[in-house]
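Here is the structure we will look at.
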Number of protein chains: 2
Amino acid sequence: MAKFKLDEVDHQILDMLIENTRTPFTDIAKKLLISAGTVHVRVKKMEDAGIIRGSSLTLDYVKLGYSFIAYVGIFLEKTHQTKFVLERLNQIPYITVAHITTGKFNIFCKIRAKDTKHAKDIIFKIDDIDGVSRTETMISLEESINDKRRLMHTIFNDL
Amino acid sequence: MAKFKLDEVDHQILDMLIENTRTPFTDIAKKLLISAGTVHVRVKKMEDAGIIRGSSLTLDYVKLGYSFIAYVGIFLEKTHQTKFVLERLNQIPYITVAHITTGKFNIFCKIRAKDTKHAKDIIFKIDDIDGVSRTETMISLEESINDKRRLMHTIFNDL
DNA sequence: GGTGAAACTTCTAATAA
DNA sequence: TTATTAGAAGTTTCACC
């Protein structure tokens, strides 16, 4: 997949939308000294190109009662069971991210749970999947960094 | 922080907005058989309560030339250096997430890079931080699961 | 490529129920 | 709490640069 060429105006538009998806195009236009129509056309172009894949809300999971985050490394008995295990993991909604990895673990996932007890249930469920030989859990005490915007700024200055 | 009580209508509103932040309130209203004004009031209430913290774009990082994802576990020489090391990590924009963890590692982070060489540079930079004794890298071969919506559905049915 | 204006859609706040 | 309403604001298209 090749890089896509975005100019400075595109960067600025993305930057404002990353901050708040509902920023009115008229506001963006005013700030960038272009017309709202241009903002619209450029956003559409980036959507069509697949650069912008969508938008999503950032919710406060703690306020929703889900304050527990852990990472779970999974060791498989045999590598070819990866697909099967991933299908099973996909049925556990508390697993929000999973990667097939090289290195220590075969699969690596992130879970979000209500509390320690709930997390234990989830981890036991993972352990119980056929093909999983064992797991190793890292409990998050604090999410100290969570910032896509810094990366985007850097990417923009890079291209 | 206590749980917040959301009713079925709130869930449906969130569900549609999680899917696409720019879904017009009039569309949501039509689907839920309520008025757009009500949607507006409820969203505002959830924003004020801090349940909705914001909104963000989902970008295609691969198309932007950043197709490399890795997780890096960090071992510190001494636990009390955590704060210092996190400050240093925070200066590396390619680190998108970092957690203080219990378990194997002291700090655990996620990096997004252009390619293997770029990732190596980032990891060396982490290794060079004072207080870091060593790191362990897990390279993502494939991001197989990345789904907040399933969790939200479950949370909604839970509350 | 971009603009500006028209036509259309959506938002928002006040009022009323 | 919710609905209605109406004016303000935002979006989108298009003829023309």
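Note: hydrogens, waters and symmetry copies are ignored here, and every other heavy atom, side chains too, is used. Just so we're clear, the structure is a prediction, and the values are computed from it rather than from any experiment. Residue numbers begin at 1 in each chain, while the letters A, B, ... track the order of the sequences.
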- Could you tell me which residues satisfy side chain to side chain contact (heavy atoms under 4.5 Å, CB included) with A:E87, sequence neighbours excluded, listed by chain and number?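 Applying side chain to side chain contact (heavy atoms under 4.5 Å, CB included) to A:E87 gives A:K83.
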
- Message: As a check on the pairing definition, encode DNA chain D in dot-bracket form, counting Watson-Crick and G-U wobble pairs whose two distances are under 3.5 Å, and using | for partners outside this strand.
- Response: |||||||||||||||||

Quick one: side chain to side chain donor-acceptor pair (under 3.5 Å) partners of [X], sequence neighbours excluded?
X	answer
B:D121	B:K117
A:H153	A:D15
B:D7	B:R42
A:Q91	none

- Bounds of contact between DNA chain C and chain A, in 5' to 3' order, using a heavy-atom cut-off under 4.0 Å: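 That gives a stretch of C:dG1 to C:dC11.
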
Taking only residues two or more places apart in sequence or in another chain, which ones pass salt bridge (charged side-chain N to carboxylate O under 4.0 Å, His left out) with [X]?
X	value
B:R150	B:D147
A:K120	none
B:R88	none

- Query: Which nucleotides of nucleotides 3-17 of chain D have their base under 4.0 Å from a protein heavy atom (B), which only their sugar-phosphate (S), and which neither (-), written as one string 5' to 3'?
  - Reply: SB-----SBBB----

- Query: Could you state the interatomic distance from CD1 (B:I100) to CG (A:L141), rounded to the nearest 0.5 Å?
  - Reply: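 One finds 7.0 Å between CD1 of B:I100 and CG of A:L141.
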
- Query: Which pairs with one or both residues in residues 17-29 of chain B pass salt bridge (Lys or Arg N to Asp or Glu O under 4.0 Å), sequence neighbours excluded?
  - Reply: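 Counting only pairs at least two positions apart or across chains, the salt bridge (Lys or Arg N to Asp or Glu O under 4.0 Å) contacts touching residues 17-29 of chain B are B:E19-B:R149.
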
